[in-house]
Amino acid sequence: MSAVDVERLRVELAETSRALHSRGWVANHDGNLSARLGDGRLLCTPTAVSKGDVRPEWMLVLDAEGTVV
């Protein structure tokens, strides 16, 4: 996945996170949203952050074991 695609996905995940929160479908700090990037990597929302506050630049890239890349 190209760097441009990853950045676009960061924006989409942040928008989705805020939409889920605004509709009341998730509690403030519940769970995480994630997307597969390929090569065993994941793009995830941060833990312990309100889903209504998530920003694209706060996304984490993790390997298959959950280590921040």
Side-chain angles (χ1 to χ4, degrees):
M1 181 171 278
S2 75
V4 171
D5 292 334
V6 172
E7 290 308 309
R8 189 173 304 131
L9 191 52
R10 285 175 182 272
V11 170
E12 289 178 18
L13 273 180
E15 289 172 351
T16 300
S17 180
R18 291 190 302 268
L20 289 170
H21 183 268
S22 71
R23 291 181 175 108
W25 294 349
V26 293
N28 199 29
H29 293 85
D30 279 358
N32 298 86
L33 284 98
S34 62
R36 293 179 191 267
L37 298 175
D39 298 330
R41 297 178 307 138
L42 299 166
L43 182 66
C44 298
T45 58
T47 301
V49 172
S50 170
K51 298 303 174 267
D53 294 334
V54 172
R55 301 289 173 251
E57 60 271 17
W58 298 353
M59 300 291 164
L60 303 171
V61 177
L62 307 171
D63 65 17
E65 286 76 43
T67 304
V68 176
V69 177

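In this structure, Arg55 places its CZ atom where more than 12 heavy-atom neighbours from other residues, nucleotides or ligands lie under 6.0 Å away.
Closest approach of Leu9 and Ala35 over heavy atoms only: CD2-CB, 3.6 Å. The two residues Leu43 and Val6 have their closest heavy-atom pair at CD2-O, 4.2 Å. Contact between Trp58 and Val49 at its shortest, heavy atoms only, is CZ3-CG1, 3.7 Å.
With a 4.5 Å cut-off on side-chain heavy atoms, Leu62 and Val68 count as touching. Side-chain contact between Val54 and Leu33: absent, with no pair of heavy atoms (C-beta onward) separated by less than 4.5 Å. Side-chain contact between Val26 and Lys51: present, with at least one pair of heavy atoms (C-beta onward) separated by less than 4.5 Å.
Using a 4.5 Å cut-off between side-chain heavy atoms of Ile, Leu, Val, Met, Phe, Trp and Tyr, with links allowed through other members, Met59 and Leu37 fall into the same hydrophobic cluster.
Looking only at distances, no side-chain donor or acceptor of Asp39 sits under 3.5 Å from a matching main-chain atom of Arg41. Judged purely by atom type and a 3.5 angstrom limit, Ser17 has no side-chain atom pairing as donor or acceptor with the backbone of Leu13.
Asp30 is linked by a salt bridge (charged side-chain N to carboxylate O under 4.0 Å, His left out) to nothing, counting only residues two or more places apart in sequence or in another chain. By the salt bridge (charged side-chain N to carboxylate O under 4.0 Å, His left out) test, Arg18 is found to be paired with no residue, residues two or more places apart in sequence or in another chain being considered. Not counting sequence neighbours, the partners of Glu7 by the salt bridge (charged side-chain N to carboxylate O under 4.0 Å, His left out) test are Arg10.
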